[in-house]
There are 2 protein chains.
Amino acid sequence: MRDRRTAILEAAARVIARRGVRGLRVEELAVEAGVSKALIYYHFDGRAGLLGSTLGFIGDRAERYTAGPSGPASLSGASPPPAGREELERSLLLEFQDVPEVRENSAAWGELRASAVFDPELRGELARSGLSWVREVADLLRSATSRTGAGVSGPVLVAAAERLTALLEGLSARWLSGILPLEHARALMREAIAVELQQLGAGVRADCDRVAVDV
Amino acid sequence: MRDRRTAILEAAARVIARRGVRGLRVEELAVEAGVSKALIYYHFDGRAGLLGSTLGFIGDRAERYTAGPSGPASLSGASPPPAGREELERSLLLEFQDVPEVRENSAAWGELRASAVFDPELRGELARSGLSWVREVADLLRSATSRTGAGVSGPVLVAAAERLTALLEGLSARWLSGILPLEHARALMREAIAVELQQLGAGVRADCDRVAVDV
DNA sequence: GTCTATAAAGCGATAGAC
DNA sequence: GTCTATCGCTTTATAGAC
């Protein structure tokens, strides 16, 4: 195991995912992390400081697994990144998996985002992580449209990225609160990607033709 | 002022919008409502019962201002509902206004949705309200596409409605947490509506042609 | 750095008078 | 129906030993 401080942050992410930010009790966190309560106060500046650090920790971790290799498959070779659209879909659908690490990160992230509405101290980190995420998705959109959609301007890509990331957060919230099945959320996300790409001029041309025929 | 019970619910919506569900203290609510703590326990079944009642109250209020007339302008006559697309935009952009009642409702709704992730008791009401909202938006989409997009199937409309409502929630969360300016949120929402409508075959035909020319 | 023990405060909930 | 007063548990936070 890594140093105690990191162990506490990992435990905090787990507890937040399970109980929410308001449900996080320093004592429960201590048990989860296998340390004493006092040690948490030694390493962090009270409960508030702990939450801030945890938000940063979760943001970093999310960037790591979003930007990283696409799992076991990537072991098979040092091939250059896959075609833009696949990479885009992979990246955005990554959040919709019922595996502990992902669910934990999504839940914790959603909690901290919701908490930021009432706690201005958390907004800085939230804005920072959000911005880099939007930029990343905008880049993926550019790659995905580089062949067919040449000449798409930056702001248009950024707007599409903002819509896709905001949609992802909305769908994620519904999934986590149990009112939207996982597969349904994935399907809606995939469709949204297709719609945005088509709008940017990278969609399957037939779709656009079909629509025209309907008229 | 109405009866005390209603006054307490109104105060609860205000406090939740200000402090969040997590931050709601019975004592603070008592001060806000101008009553004693004990009276709250007399009218509601503890804190949990109070939250449940408040969720219902907020849901009803949201339906009222979503389905209701479009403000002062509607005083001018008993004209039938406006063209589908305008009505759709009006309905979805209604949530993005920096007036107390709307902001309060949005914030409280977002809070209760976030709380439902960790409190299964809140999910029933959430699912009920969410479903009727999706249906309403799907109906508006049908109206907006009835001329040019004849023959669009129900499930396709529902999926588009689900994407738009989920996007709205995602954008709303960002607006309320102060990382997305109100006007930017409105613009993104409007664009999303345009993109979805075009996909459904109701968009300005020229857009699709333009894309085809780019190839 | 890490623990045990304890102080201090917060908060939900109730009793009982009016 | 509404209030004042208070109880009692929970939770944050710190003191001080090792």
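The shown structure was predicted, so the numbers you read here are calculated from the model rather than taken from an experiment. Naming convention: chains lettered A, B, ... in sequence-line order (proteins, then strands); numbering from 1 in each chain.
- For residues 29-40 of chain A, the set of pairs meeting the side-chain hydrogen bond (donor to acceptor under 3.5 Å, both in side chains) definition, not counting sequence neighbours, comprises A/Arg14-A/Glu32, A/Arg18-A/Glu32.
- A salt bridge links B/Arg22 with A/Glu111: at least one charged nitrogen is closer than 4.0 Å to a carboxylate oxygen.
- Residues of residues 12-20 of chain A having a heavy atom closer than 4.0 Å to DNA chain C: none are found.
- For B/Asp60, the side chain to side chain donor-acceptor pair (under 3.5 Å) criterion is met by no residue, not counting sequence neighbours.
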Protein heavy-atom contacts under 4.0 Å, written 5' to 3' over nucleotides 12-18 of chain D as B (base), S (sugar-phosphate only) or - (none), form the string BBBB---

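- Scored by the side-chain contact (heavy atoms from CB on, under 4.5 Å) test, A/Leu140 finds A/Glu87, A/Leu88, A/Ser91 as partners (sequence neighbours excluded).
- In this entry the distance linking CD1 of B/Ile8 with C1' of D/dT2 reads 10 Å, nearest Å.
- With sequence neighbours excluded, the residues that form a side-chain contact (heavy atoms from CB on, under 4.5 Å) with A/Arg25 are A/Glu28, A/Arg47.
- For B/Ser106, the side chain to side chain donor-acceptor pair (under 3.5 Å) partners two or more places apart in sequence, or in a different chain, are B/Glu95.
- Taking atom CD1 on A/Ile40 and atom C1' on C/dC3, their separation rounds to 13 Å, with Å as the unit.
- Every side-chain contact (heavy atoms from CB on, under 4.5 Å) that A/Phe57 has, sequence neighbours left out, goes to A/Thr6, A/Leu9, A/Glu10, A/Arg61.
- With sequence neighbours excluded, no residue satisfies side chain to side chain donor-acceptor pair (under 3.5 Å) with A/Arg142.
- Not counting sequence neighbours, A/Asp45 has no partner by the side-chain contact (heavy atoms from CB on, under 4.5 Å) test.
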Enumerate donor-acceptor pairs with a distance under 3.5 Å from any side-chain N or O in residues 153-162 of chain B to protein atoms, sequence neighbours excluded.
{"unit_1": "B/Glu162", "atom_1": "OE1", "unit_2": "A/His184", "atom_2": "NE2", "d": "2.8"}

Bracket notation of DNA chain D in which parentheses pair within the strand, [ ] cross earlier pairs, and | pairs with another strand (Watson-Crick or G-U, under 3.5 Å): ||||||||||||||||||

